[in-house]
Asks: 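Just passing along the structure, written as structure tokens.
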Amino acid sequence: MAAALEQARRAAAMDEVPIGAVVMRGDDIVAEAHNETVARNNPTLHAEFLAIERALEALGTNRLTDCTLYVTLEPCAQCAGAIVLAKVKTLVFGAFDEKAGMCGSVGDIVRHPRLNHRVDVQSGVQAEECGELMKDFFAARRA
């Protein structure tokens, strides 16, 4: 989660919503990313989506069945769908997203019983630190 938090801080420094994501295979970082929605004028370029895309490319595969995705905020519907489609083995996220989180808060795409892949989920990991980044970012924008 430390590497995902560092990515989130990089996003904040670029005036992006501070969300970071890292894909790991065992003890090795395969890919890392932060939100790039503002910089690239594309609302789909979330940290999780980019980290998954980069990991698939780095590993030369279309599945991440032996990988763990760490992300600072509970993934949205788009990213939860990408996690399922990429067949990520484990998702570890920090802060819950009560407005748009689709890994337990609003819905639960990654563990939906009718889908062909279900993800192991560990939630609330360093949630306070991850949440504080978001709170501080939006407080500064409102000021």
Side-chain angles (χ1 to χ4, degrees), residues 1-56 58-59 62-143:
M1 189 60 80
L5 280 161
E6 178 56 34
Q7 286 295 315
R9 289 184 195 97
R10 288 182 187 177
M14 297 173 61
D15 206 29
E16 296 275 0
V17 174
I19 301 171
V22 174
V23 175
M24 295 193 68
R25 181 196 255 173
D27 293 332
D28 298 324
I29 293 177
V30 175
E32 50 193 347
H34 55 72
N35 276 8
E36 295 183 21
T37 61
V38 174
R40 294 175 51 190
N41 293 317
N42 185 334
T44 68
L45 297 180
H46 293 184
E48 309 91 298
F49 185 84
L50 291 168
I52 288 168
E53 181 178 57
R54 292 170 187 168
L56 293 168
L59 296 172
N62 66 351
R63 296 182 179 179
L64 300 175
T65 56
D66 58 351
C67 294
T68 300
L69 172 64
Y70 291 84
V71 62
T72 57
L73 183 69
E74 179 181 0
C76 69
Q78 169 197 258
C79 295
I83 290 165
V84 170
L85 291 172
K87 297 187 179 358
V88 172
K89 179 178 180 172
T90 304
L91 166 66
V92 179
F93 72 83
F96 286 88
D97 185 348
E98 298 297 329
K99 293 181 181 179
M102 293 304 285
C103 300
S105 289
V106 175
D108 201 348
I109 292 171
V110 297
R111 292 177 285 204
H112 195 284
R114 294 192 61 193
L115 297 178
N116 69 340
H117 178 73
R118 278 168 290 294
V119 180
D120 296 327
V121 179
Q122 296 175 28
S123 56
V125 176
Q126 291 184 257
E128 189 172 322
E129 188 175 356
C130 293
E132 285 299 315
L133 275 175
M134 297 287 287
K135 289 177 193 170
D136 293 348
F137 176 80
F138 287 109
R141 289 183 71 132
R142 286 189 293 271

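No experiment lies behind these values; they were computed from the predicted model shown.
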Asks: Between atom CZ of Arg142 and atom CZ of Phe137, what is the distance when rounded to the nearest 0.5 Å?
Replies: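 Result: 10.5 Å between the selected atoms.
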Asks: What I'd like to find out is whether the side chain of Glu98 reaches to under 4.5 Å of the side chain of Ser105, using heavy atoms alone.
Replies: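 Heavy-atom side-chain distance check passes, below 4.5 Å.
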Asks: Measure the shortest side-chain to side-chain distance between Asp15 and Val38 over non-hydrogen atoms and say whether it is less than 4.5 angstrom.
Replies: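 Result no, sub-4.5 Å side-chain heavy-atom pair not found.
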Asks: Do the non-hydrogen side-chain atoms of Val17 and Met134 ever get within less than 4.5 Å of each other?
Replies: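 Yes, side chains in contact.
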Asks: Would you confirm whether Glu74, through its side chain, and Asp97, through its main-chain N or O, come within 3.5 Å as a donor-acceptor pair?
Replies: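 Pair found, side chain donor or acceptor close to backbone of Asp97.
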Asks: Would you find a donor on one side and an acceptor on the other, under 3.5 Å apart, between the side chain of Arg25 and the backbone of Asp66?
Replies: no
Asks: Show the nearest heavy-atom pair for residues Pro75 and Ile83, with the distance to one decimal.
Replies: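 Smallest interatomic distance, heavy atoms only, reads CG-CD1, 3.8 Å.
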Asks: Are more than 12 heavy atoms from other residues, nucleotides or ligands located less than 6.0 Å from atom CD of Glu128?
Replies: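 No, not enclosed.
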Asks: Once rounded to the nearest 0.5 Å, what's the spacing between atom CG of Leu73 and atom SG of Cys103?
Replies: 9.5 Å
Asks: If you take all heavy atoms of Ala127 and Gly94, which pair is closest and at what distance?
Replies: CB-O, 3.5 Å
Asks: I need the Leu85 CG to Arg63 CZ distance, nearest 0.5 Å.
Replies: 10.5 Å
Asks: If I compare all heavy atoms of Arg40 with all of Glu36, which pair ends up nearest, and what's the gap?
Replies: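 Shortest heavy-atom separation between Arg40 and Glu36 comes out as NH1-OE1, 2.8 Å.
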Asks: Which heavy atom of Ala31 sits nearest a heavy atom of Ala55, and at what distance?
Replies: CB-N, 3.4 Å
Asks: Using 0.5 Å steps for rounding, measure from the CD1 atom of Ile29 to the OH atom of Tyr70.
Replies: 10.0 Å
Asks: Just wondering, do Leu45 and Glu16 contact through their side chains at under 4.5 Å, heavy atoms?
Replies: no
Asks: Give a yes or no on whether the backbone of Thr44 and the side-chain of Asn42 come within a donor-acceptor separation of less than 3.5 Å.
Replies: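 Answer holds: yes.
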Asks: Looking at Val88, is its backbone amide N or carbonyl O close enough to the side chain of His117 to form a donor-acceptor pair, meaning the two atoms are under 3.5 Å apart?
Replies: yes
Asks: Against Val71, only a single residue in Gln7, Glu48, Met1 fulfils side chain to side chain contact (heavy atoms under 4.5 Å, CB included); can you say which?
Replies: Glu48
Asks: Just wondering, do Leu115 and Ile109 contact through their side chains at under 4.5 Å, heavy atoms?
Replies: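 When only atoms from C-beta onward are counted, Leu115 and Ile109 do touch, with a gap below 4.5 Å.
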Asks: Quick one: does any side-chain atom of Thr72 pair with a main-chain N or O of Gly20 as donor and acceptor, under 3.5 Å?
Replies: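 Yes, because the side chain of Thr72 sits within donor-acceptor range (under 3.5 Å) of the backbone of Gly20.
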Asks: Taking atom NZ of Lys87 as the centre, report whether more than 12 heavy atoms of other residues, nucleotides or ligands fall under 6.0 Å from it.
Replies: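 Buried by this count: over 12 neighbours within 6.0 Å.
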Asks: Around atom CZ of Arg118, are there more than 12 heavy atoms of other residues, nucleotides or ligands at under 6.0 Å?
Replies: yes
Asks: Which atom pair, heavy atoms only, marks the closest approach of Val110 to Val84?
Replies: CA-CG2, 3.7 Å
Asks: Quick check: do His46 and Ile19 have side-chain heavy atoms less than 4.5 Å from each other?
Replies: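 Result no, sub-4.5 Å side-chain heavy-atom pair not found.
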Asks: Quick one: pull up CG in Leu64 and CG in Leu69 and give me the separation to the nearest 0.5 Å.
Replies: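 Here the interatomic distance stands at 8.5 Å.
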Asks: Are any of the side-chain nitrogens in Arg9 or Glu132 under 4.0 Å away from the carboxylate oxygens of its partner?
Replies: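 Judged by the 4.0 Å cut-off on N to carboxylate O distance, Arg9 and Glu132 do not form a salt bridge.
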Asks: Kindly give the heavy-atom pair with the smallest separation between Ala95 and Cys130, and that separation in Å.
Replies: N-CB, 3.8 Å
Asks: With rounding to the nearest 0.5 Å, note down the distance linking SG in Cys79 to CD1 in Ile52.
Replies: 7.0 Å
